[in-house]
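See structure below.
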Amino acid sequence: MKFEYTILNKKVDSYGVSYFMDEKAHIPKFNDISLIRVLNILGDQGWELVVKENPNTYILKRQLKG
């Protein structure tokens, strides 16, 4: 099996909390929702949390198709 990896970043500012992934993943930015909800949405797309690298960075993977 082959996998692809991406990084989910958390940003906290005066507007609240947002989560976003690297540009290659083509996944929209998530605003004002919990981390659990973001992970459930991404899980429905095949992404799996591999490691929490630091308080604001999460590494995810999913199986490559084809």
Side-chain angles (χ1 to χ4, degrees):
M1 280 193 272
K2 293 186 179 185
F3 296 94
E4 66 177 320
Y5 294 84
T6 191
I7 296 173
L8 175 68
N9 292 292
K10 174 183 172 184
K11 180 180 176 187
V12 180
D13 58 24
S14 59
Y15 299 106
V17 177
S18 59
Y19 296 92
F20 57 96
M21 297 178 77
D22 67 17
E23 313 82 47
K24 289 183 358 183
H26 302 293
I27 293 177
K29 184 175 174 180
F30 300 98
N31 295 313
D32 299 322
I33 63 174
S34 72
L35 176 60
I36 296 298
R37 186 160 175 222
V38 172
L39 292 174
N40 283 328
I41 290 167
L42 296 173
D44 287 343
Q45 298 173 13
W47 291 104
E48 175 184 351
L49 179 63
V50 177
V51 67
K52 179 180 179 181
E53 192 170 78
N54 63 52
N56 298 316
T57 305
Y58 307 85
I59 298 175
L60 298 100
K61 74 174 184 179
R62 71 177 170 187
Q63 188 174 349
L64 283 172
K65 297 177 183 174

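What's counted below: heavy atoms across the whole structure, side chains too, no hydrogens, waters or symmetry copies.
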I need the [X] [atom1] to [Y] [atom2] distance, nearest 0.5 Å.
{"X": "L8", "Y": "W47", "atom1": "CG", "atom2": "CH2", "answer": "10.5 Å"}
{"X": "L49", "Y": "K61", "atom1": "CG", "atom2": "NZ", "answer": "11.0 Å"}
{"X": "T57", "Y": "N9", "atom1": "OG1", "atom2": "CG", "answer": "5.0 Å"}
{"X": "N40", "Y": "L35", "atom1": "CG", "atom2": "CG", "answer": "9.5 Å"}

Could you check M21 against L42 for side-chain contact (heavy atoms from CB on, under 4.5 Å), going step by step and ending with a plain yes or no?
CA-CA 10 Å; M21 297 178 77; L42 296 173; 3.6 Å; yes
Can you name the side chain to side chain contact (heavy atoms under 4.5 Å, CB included) partners of Q63, sequence neighbours left out?
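For Q63, the residues satisfying side chain to side chain contact (heavy atoms under 4.5 Å, CB included) (neighbours in sequence not counted) are M1, F3.
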*Can Y58 be reached from I36 by stepping across I, L, V, M, F, W or Y side chains whose heavy atoms are under 4.5 Å apart?*
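Different clusters: I36 never reaches Y58 through Ile, Leu, Val, Met, Phe, Trp or Tyr contacts under 4.5 Å.
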| field | Joint hydrophobic cluster, Y5 plus V51, side-chain heavy atoms closer than 4.5 Å | value | yes
Notebook entry, point to check: So do K10 and V38 actually touch side chain to side chain, heavy atoms under 4.5 Å?
Noted result: no
For a 4.5 angstrom cut-off between non-hydrogen side-chain atoms, does E4 reach T6?
no
Task: For V17 against Y19, the heavy-atom pair lying closest together - done: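 Distance-wise, the nearest heavy atoms are CG1-CE1, 3.7 Å.
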